Amino acid sequence: MWLTALAILSSAFVSSPQAKWVVLPPTDARTSLPSQIPADAKVIAPGDKWQDDNHFHWVIGDLQVPEQIDGKPVAGHPVGLRFNCGDGGEVWLGGKLQARYDNDRPALVLISPSAHPGDAVRLAAQVYAKVQGGDHFSEAAWVLIDEPRAVGALTLTLDGAHPGEKVPDGIIGLSQGGGMSDYDAATAKKLKEGGFKWFRMDNVLTPIVKRDAAGKLTYDWTDLDRRVDFIHSIGADAIFAASYMPQPFDAIPDNERHSAPADYNEWEELCNLAARRCADRGKPVAFWEVWNEVNAGWLKPGPKDTGAEPYAGIYREAIGKQPKDADTVRRFEAYCKLYRATALGVRKGDPAAKVGGPVLASGPFDDDSKGPGVNGRGFARGLMLFCAREKLPLDFVSWHEYFQPADKIALEVKEMRRDLSDLPQFPDAGKQMILSEWNEAWWPDRPHDSEIGAAWCADCVTRCFIPEGLRRPCLFYVKQGDDGFRGDWSILMKDNVPKATYNMAKVFNGLKGQWIEVKGTDDEVSAVAAWNAPEKCLRLIVVNFKDRYNLRRSVHIAHKGLPAELEGGAWRRWTIDATHSNVWNDRSHAELEQTGSGAIGTADLDETLEPNSVTLYEFEARR
């Protein structure tokens, strides 16, 4: 009876020129690819509402290759299917995992490199339990794919004969909101293995101060010392956001710690004592950011922060027009006062410390006309003008960015430098940019658990951070205290099990020596390479990522560009993709995984890059 129903169901799907889809009963966890369609499967169609039941579902479609797509003949051409359903999932074809997707980053599967109209195709997608968004079966669409992209090989050529600038000591750093889930030696060891050279933390001053009934202030440095000691133990520079406000200092009652201080002199003294304590202990904090995301409202001005004309005038000059919102100007005044008090206090306690801001939530724009941001230009350019007039240090500029693609972040870098270009008193601020929070999304999101988030981050590194000279991106955040998959931002899980994003950062942080040029990349495949002459090792990182509809790609890596010292040596490959170095796919294969090796001969390498993948190649001299 069951097999008869299946045969009738499948026969109806194959004979129809239109796709027919069914959804299988829910499960509490991911399951293997089903071999058959059960009798209780329900018919579903693109556009239908997706059930928000926090379960996993298989969606299976029996399709026929059409004769035309968008009015163009299909026969003999590469044909693909765009797919998006629910909050994210994985797409299978021919018994093989083709791609994972997120509701914001839908999948593209190559159905046939040379299609025949009428051919039957069965496609299966496991749709994941909901974490964030995606409440529809939103897309299952045929598409013609350009032949060079679908079946051609992209040639990557290394120019090892002309090394460029020195590779910075560390490419990716860390960021943590509030305290760590633990400060164990094992966690420190794992982060040291990842090569992280700077570590940004906010909320560092909140718990320090207490005021007794007589009004006397006391200071408890336990939490600050623990953070400093931990960062020092992994060999990283500390970047501390001078935030948030200890409640005894509040100008207005605010249990969320967002108040400006009632007395800016008390705040200045706290910054002085904190910076001096770290320096006196032999573990100075290298960078002090002033506050956190003030442009988004995370600072409540006090009664004395009235939006007075000196501050209103600076803000007006910064944005080039009359500000519409008096509350924003009041907040800008409070921030200027807070910045001045912080800078004076920190420099008094540690004259070598660097001070900067404005720690924007998103880029230095006031609206979405140029890029993401709210009040960004007012606070960024306004801080620059204020520091110039007050003769205050501005050693770096900093902001946060999530979700935006690499080209948007590159625009933010350029805008910051443009605004600094007519302020020669800050020669280092444009060189020492800090993206002090950064990850695939600012909300809990499935890609944080899998290779999708790792590839998104890698694309930012290759297309923005390295070419634009953004020296200190800080990956948010370090570690969750359990081993659950819920789209958490962490790069480490319980027991220091790495996510794919940790492995990605480790790969980039292993680059040493001098940059060398990689020619032949496109808008989907990006690459960077570095030649470490003392070790006689060339490292090449190739990233296959596209924000939407990323496709499996073939690449041809030309050997003729390798330095002469590598002749007769060996190559090795490490892979981060859907099935390698990926705890979401397999907990037993969470660590960075070597996937190939061989001798460096006369033949070039012909490789296949899976969607959302990061691949490291090492070419070493004979040992």
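Just so it is clear, the structure is predicted and the values come from calculations on it, not from any experiment.
- Counting heavy atoms from C-beta outward, I452 and R446 have side chains that stay 4.5 Å or more apart.
- Residues satisfying the side-chain contact (heavy atoms from CB on, under 4.5 Å) test with V167, not counting sequence neighbours, are I171, L511, W515, A530.
- Counted by atom type alone, D577 and H580 present one or more donor-acceptor pairs between their side chains at under 3.5 Å.
- Qualifying ring pair (Phe, Tyr, Trp, His ring centres under 6.0 Å) partners for Y315, counting only residues two or more places apart in sequence or in other chains: F332, F379.
- By the ring pair (Phe, Tyr, Trp, His ring centres under 6.0 Å) test, W288 pairs with F240, sequence neighbours left out.
- Side-chain atoms of S175 and W438 form no donor-acceptor pair, as typed in the model, at a separation below 3.5 Å.
- Here the rule is side chain to side chain contact (heavy atoms under 4.5 Å, CB included) with M433, and of E468, R472, R417 only R417 fits it.
- W489 has its ring centre no less than 6.0 Å from the ring centre of Y402.
- With 3.5 Å as the limit, one finds a donor-acceptor pair spanning the side chains of Q247 and N255.
- Residues satisfying the side-chain contact (heavy atoms from CB on, under 4.5 Å) criterion with N203, sequence neighbours excluded, are T206, Y244, R257.
- The list of ring-ring contact (aromatic ring centres under 6.0 Å, His included) pairs with a residue in residues 177-200, not counting sequence neighbours, reads Y183-F230.
- R471 places no side-chain N or O within 3.5 Å of a backbone atom of K431 that could act as its donor or acceptor partner.
- Every residue two or more places apart in sequence or in another chain that forms a ring pair (Phe, Tyr, Trp, His ring centres under 6.0 Å) with F396 is listed here: F287.
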